[in-house]
Number of protein chains: 2
Amino acid sequence: MVQDRVTSIEVARRAGVSQSAVSRVFTPGASASPKMAAKIRKVADALGYRPNVLARSLITGKSRIIGVVVAYLENQFYPDALEKLSMALQARGYHVLVFMAAQDAGNIDQVLDEIVDYQVDALVMASVAMSSTLVERCDAAGIPVLLFNRRQDDARFASVTSDNVAGGRKLAEFLIKGGHRKIAHIAGWEGASTQRDREQGFREGLAAGGMKLFSRAVGNFDFEQSKDAARELFNSFDPPDAVFVANDHMAFAVMETLRSELGLRIPQDVSVVGYDDVPIAAWPSFDLTTVRQPSDLMVEKTVVSLLDSIDNPLSEPRQVAIDGPLIIRGSARKPQ
Amino acid sequence: MVQDRVTSIEVARRAGVSQSAVSRVFTPGASASPKMAAKIRKVADALGYRPNVLARSLITGKSRIIGVVVAYLENQFYPDALEKLSMALQARGYHVLVFMAAQDAGNIDQVLDEIVDYQVDALVMASVAMSSTLVERCDAAGIPVLLFNRRQDDARFASVTSDNVAGGRKLAEFLIKGGHRKIAHIAGWEGASTQRDREQGFREGLAAGGMKLFSRAVGNFDFEQSKDAARELFNSFDPPDAVFVANDHMAFAVMETLRSELGLRIPQDVSVVGYDDVPIAAWPSFDLTTVRQPSDLMVEKTVVSLLDSIDNPLSEPRQVAIDGPLIIRGSARKPQ
DNA sequence: TGCATATTTGCATTCCTATGCAAAATTACC
DNA sequence: GGTAATTTTGCATAGGAATGCAAATATGCA
């Protein structure tokens with residue numbers, strides 16, 4: 001059952017050549033004569049030989065593995081991005097080693113140890129914050145780090161986000177033009193740059209229109225907590241007439257609560273806008289006005305940045321923020 | 001920036017011991033005196049030494065990597081299971097290497113090559129069919145394979161599913177007791193065992209109640225195609241009064257189409273039931289009656305089976321089918 | 001054809017850790 | 001304290017492939 005692996009030595013023996021010849025045939029960029037390559041390929045195919053990636057990694061120092069740390073896959077934005085990222089990397093000969101880490105970062109340290117153990121070529125942190133000690137560790141290990149959907153002022157790592165400040169501003173402008181007077185905000189986790197940026201842009205937009213936030217609650221990017229936040233804001237004798245929920249995932253929780261629990265109609269009684277434009281946002285039941293995070297583009301930029309930092313480790317990490325369009329649907333009253 | 005890795009030899013040198021001593025301290029089960037262990041650990045910590053998993057794999061023949069092949073993450077059941085599986089394996093010192101493969105199996109062969117290259121200890125195929133040639137390949141490579149949420153008659157691999165036949169039967173009984181007379185079915189991909197089993201159970205249940213399927217369409221587990229299927233079945237002068245959609249993901253598409261496009265009320269005009277009980281099914285907008293696939297339990301069984309087949313390669317693969325409860329909510333008329 | 005240059009090929013070594021074996025150190029027991 | 005039994009330690013090697021270097025072939029050009 002458990003056959004011995006076919007090695008390059010075995011192939012070499014049967015083809016009557018040296019092990020190095022076999023190696024060169026399977027190493028992109030190495031030189032081998034067409035004749036030799038043909039002969040070796042034939043034997044290799046017959047035996048079912050394939051180079052052992054692990055052994056190769058040992059000597060090249062490159063594992064062709066990208067570690068991806070992700071906190072939770074409940075918010076559809078992440079599985080979607082993970083799927084795209086995985087496919088894009090796969091197409092370039094890389095693969096994704098997944099590490100789950102709780103949001104609260106308690107076990108991130110341990111997770112990071114494990115990552116370093118696997119000699120990953122680079123690291124993508126999706127919606128996970130990096131403490132400065134973690135930065136040091138990766139830096140010391142020579143592993144380039146890219147923050148996905150998060151940004152950090154530390155110039156030592158690359159990041160790819162959407163332009164959250166601009167997006168927040170667009171939403172504020174849209175709600176103001178829609179004639180809303182009492183505009184509230186349900187925030188995600190306050191430690192997240194996405195949260196801070198979106199809120200900042202939103203507040204700027206309000207200020208530019210001579211308004212300010214009517215009320216505010218925190219949902220921590222969590223479904224259940226967002227329901228509580230909705231109750232908190234709307235169980236009031238003077239509730240808001242519009243609310244910007246910091247991402248779509250929370251917005252669904254808010255919409256469900258407003259409609260089924262508080263008996264409010266959307267958008268007649270209250271307008272709701274979100275952020276991300278996950279597929280569910282387009283479902284008729286939600287029809288959510290939101291800012292699209294262009295995940296295809298974000299993944300594309302991520303891959304380019306990643307490969308660049310792998311190929312030349314001295315290149316400066318870049319912080320990319322991609323503009324995302326406002327997607328106007330029916331969950332918020334529209335400007336006349 | 002790119003430091004040299006700290007190796008066991010370096011640690012040994014600084015601690016004034018042999019490399020083997022260092023190795024033994026970091027190899028579970030190897031013997032080292034407490035004194036020596038303490039000394040080495042101290043030096044190792046100071047240098048930030050951690051064993052290189054890849055080098056270790058090379059010699060032990062175990063990579064502690066589990067390959068997971070998954071077709072698409074759009075159906076929430078899969079990211080959810082992936083998250084749980086990843087955490088469970090992580091807790092046992094394994095990690096998940098993700099491979100995306102298109103449903104149509106065109107590129108599965110290539111994907112499999114890549115998997116073998118990485119010397120994974122085992123393989124989980126989530127909702128991906130195995131052709132018999134693929135079976136041979138894995139068998140030859142000595143890689144145990146487990147089908148997750150799929151079953152195959154071939155006794156050569158383990159599988160973990162819910163008891164789809166029983167689940168289908170429960171749904172039929174429930175709909176019959178609810179007084180439905182025209183019961184339809186929207187099927188997933190017909191090549192999937194889950195589809196065949198659910199439908200078989202459902203038909204058996206109908207037959208036991210002296211009924212048979214009123215009409216049928218195919219949604220291929222795809223959101224858009226399921227909308228078409230709904231249109232096909234319900235744009236009729238004699239539409240069904242109940243429909244069993246083969247999974248929740250498709251059921252949402254069907255519900256959206258029935259309500260927003262065809263103006264039908266659920267459950268007053270038509271009852272809808274699904275399968276999986278993904279989190280969204282509990283949202284008030286859908287409130288979907290469905291059969292729960294106990295993903296915690298399924299993951300648990302998967303991990304146990306996986307580790308067992310890794311530890312003793314001669315053990316017989318087991319096919320596990322876990323019973324899932326009917327979750328009665330409001331999307332289907334209830335029995336009086 | 002002859003010589004200089006470019007390309008292939010093989011040899012030997014390297015990457016880092018685990019492990020069988022034998023030597024050394026420790027422990028147990030009389 | 002002395003010998004036997006046990007544990008600890010170091011030595012040397014293996015695992016599979018990549019690569020610098022030198023030798024061997026092939027190519028170019030007059």
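Chain naming here is simple, since letters A, B, ... match the order of the sequence lines and numbering starts at 1 in each.
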First locate atom [atom1] of [X], then atom [atom2] of [Y], and finally report the distance between them rounded to the nearest 0.5 Å.
X	Y	atom1	atom2	result
Gln119(A)	Leu58(A)	CD	CG	8.5 Å
Met100(B)	Ser86(A)	CE	OG	6.0 Å
Leu147(A)	Met125(A)	CG	CE	7.0 Å

Measure the distance from [atom1] on [X] to [atom2] on [N] and round it to the nearest whole Å.
X	N	atom1	atom2	answer
Leu54(A)	dT17(C)	CG	P	14 Å
Gln19(A)	dA12(C)	CD	C1'	11 Å
Asp117(A)	dC16(C)	CG	C1'	13 Å
Ile9(A)	dT13(C)	CD1	C1'	13 Å

Do the side-chain N or O atoms of Thr60(B) get closer than 4.0 angstrom to the phosphate oxygens (OP1, OP2) of dA18(C)?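 For Thr60(B), the contact criterion (side-chain N or O under 4.0 Å from OP1 or OP2 of dA18(C)) is not met.
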Of Met36(B) and Arg56(B), the one whose nearest nucleotide on DNA chain D sits closer to the 5' end is Met36(B)
Leu58(B) or Ser20(B): which one's nearest nucleotide on DNA chain D is closer to the 5' end?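 Nearer the 5' end of the strand: Ser20(B).
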Need two values: the first and the last nucleotide of DNA chain D, 5' to 3', having an atom under 4.0 Å from any heavy-atom of chain A.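 Span of nucleotides near chain A: dG16(D) to dG20(D).
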With a non-hydrogen cut-off below 4.0 angstrom, is [X] in contact with a base, only sugar-phosphate, or nothing?
X	answer
Val17(B)	sugar-phosphate
Ser33(B)	sugar-phosphate
Ser23(A)	base

When you measure from the centre of the six-membered ring of Tyr118(B), is the NZ or CZ of Arg64(A) under 6.0 Å away and within 45° of the axis? no
Centre of Phe26(A)'s six-membered ring, under 6.0 Å away, within 45 degrees of the axis: is that where NZ or CZ of Arg56(A) sits?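 Cation-pi check for Arg56(A) and Phe26(A): fails.
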Considering only dT19(C), dT17(C), dC11(C), which nucleotide approaches the side chain of Tyr49(B) most closely?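 It is dT17(C).
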Assess the side chains of Ser18(A) and Ser20(A): does a donor N or O sit below 3.5 Å from an acceptor N or O? yes
Return the 5'-most residue of the pair Lys35(B), Arg50(B) with respect to DNA chain C, ranking by each residue's nearest nucleotide.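 The residue closer to the strand's 5' end, by nearest nucleotide, is Arg50(B).
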Does Asp80(A) pair with Lys84(A) as a salt bridge, N-O distance under 4.0 Å? yes
